[in-house]
Amino acid sequence: QVQVVESGGGLVQAGGSLRLSCVVSGSIKRINIMGWYRQAPGKQRELVASLTSGGETKYPDSVKGRFWISRANVKNTVTLEMNSLKPEDTAVYYCKANIIVLGSDDFTDFWGQGTQVTVSS
């Protein structure tokens, strides 16, 4: 039906950068909002960045000025550029796509499997 696939995680030293990518494919009529979330061990999943179809972005204060979400040139792909990474950014990062699938008029959330980001001190 719909597939959400993340890539680009890995191990980086504090102060370094990583770029994550999220590709959405399948029976898509319309994509509304795409977002990146993260979940560290023992913590709740939290929003990291979101991008609406109109181009509006949203970031929590913890990453504002360091992370940047944008659409890639490849269709239905968004990237998350992460700079000045800190050990507290270590988490599994998930992509979420809010989509209307073909044959439906309702928005539905689809999640990827997640990609690990580890920042060493």
Side-chain angles (χ1 to χ4, degrees):
Q1 190 180 21
V2 174
Q3 296 80 42
V4 180
V5 179
E6 306 100 334
S7 63
L11 173 65
V12 65
Q13 288 188 331
S17 299
L18 278 176
R19 177 183 294 174
L20 306 182
S21 292
C22 174
V23 181
V24 183
S25 62
S27 304
I28 301 167
K29 179 190 292 186
R30 178 187 167 189
I31 298 178
N32 180 29
I33 299 173
M34 292 189 69
W36 286 95
Y37 292 73
R38 67 186 179 188
Q39 188 166 18
K43 294 188 177 181
Q44 289 188 333
R45 192 172 296 189
E46 61 175 354
L47 174 70
V48 173
S50 64
L51 175 65
T52 70
S53 57
E56 295 180 6
T57 58
K58 181 179 179 181
Y59 306 93
D61 289 342
S62 59
V63 307
K64 198 172 292 182
R66 299 189 298 121
F67 289 13
W68 180 39
I69 187 171
S70 63
R71 287 192 187 91
N73 290 330
V74 179
K75 185 179 179 181
N76 296 340
T77 301
V78 292
T79 61
L80 181 68
E81 189 79 31
M82 303 185 294
N83 302 305
S84 302
L85 283 162
K86 305 174 182 179
E88 50 264 44
D89 293 318
T90 295
V92 178
Y93 283 69
Y94 298 90
C95 180
K96 185 182 82 171
N98 184 250
I99 295 171
I100 298 178
V101 300
L102 292 174
S104 172
D105 293 320
D106 299 322
F107 286 105
T108 303
D109 289 336
F110 292 88
W111 290 87
Q113 293 297 308
T115 184
Q116 177 70 45
V117 172
T118 302
V119 184
S120 63
S121 56

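Note: hydrogens, waters and symmetry copies are ignored here, and every other heavy atom, side chains too, is used. Since we're looking at a predicted model, the values are computed, not measured.
To the nearest 0.5 Å, atoms OG (Ser17) and CZ (Arg66) are separated by 10.0 Å. Residue Ser70 holds its OG atom at 7.5 Å from CG of Leu51, rounded to the nearest 0.5 Å. For the atom pair Met34 CE and Lys96 NZ, the distance stands at 11.0 Å (nearest 0.5 Å). One finds the OG atom of Ser25 at 11.5 Å from the CD atom of Gln1 (value rounded to the nearest 0.5 Å). Atom CG of Leu20 and atom OG1 of Thr115 lie 6.0 Å apart (nearest 0.5 Å).
More than 12 heavy atoms of other residues, nucleotides or ligands lie within 6.0 Å of CD in Glu88, so this atom counts as buried by the packing criterion. Residue Lys58 places its NZ atom among 12 or fewer non-hydrogen atoms of other residues, nucleotides or ligands, all under 6.0 Å distant.
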| query | side chain to side chain contact (heavy atoms under 4.5 Å, CB included) between Tyr59 and Ile69: does it pass, once the steps are laid out? | reply | CA-CA 9 Å; Tyr59 306 93; Ile69 187 171; 3.4 Å; yes
| request: Show your working on side chain to side chain contact (heavy atoms under 4.5 Å, CB included) between Glu46 and Arg38 and close with a plain yes or no. | output: CA-CA 5 Å; Glu46 61 175 354; Arg38 67 186 179 188; 2.7 Å; yes
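Looking at every heavy atom in both residues, Trp36 comes nearest to Cys22 through CZ2-CB, 3.5 Å. In terms of heavy atoms, Cys95 sits closest to Val4 at O-CG1, 3.8 Å. Across Pro87 and Ala14, no two heavy atoms sit closer than the pair CD-CB, 4.1 Å. The shortest heavy-atom contact between Thr90 and Val119 is OG1-N, 2.9 Å. Contact record, Gly9 with Val117: CA-CG2, 4.2 Å, taken as the closest heavy-atom pair.
Ring pair Phe67/Tyr93 is tilted by interplanar angle, where 30° to 60° counts as tilted.
With contacts defined as side-chain heavy-atom distances shorter than 4.5 Å, the pair Tyr37/Leu47 qualifies. Between Lys29 and Asp105, the closest side-chain pair of non-hydrogen atoms falls below 4.5 Å.
Listed for the Arg30 side chain is no donor-acceptor partner under 3.5 Å among the backbone atoms of Ile100. A distance-only check finds a donor-acceptor pair linking the side chain of Glu6 to the backbone of Gly114 [under 3.5 Å]. No donor-acceptor pair under 3.5 Å is formed between the side chain of Ser104 and the backbone N or O of Leu102.
A salt bridge between Asp89 and Lys86 is absent, with no side-chain N of the basic residue lying under 4.0 Å from a carboxylate O of the acidic one.
Between the side chains of Thr79 and Glu81, not a single donor N or O lies within less than 3.5 Å of an accepting N or O.
A side chain to side chain donor-acceptor pair (under 3.5 Å) with Asn32 is found for one member of Thr108, Asp109, Asn98 and no other, namely Asn98.
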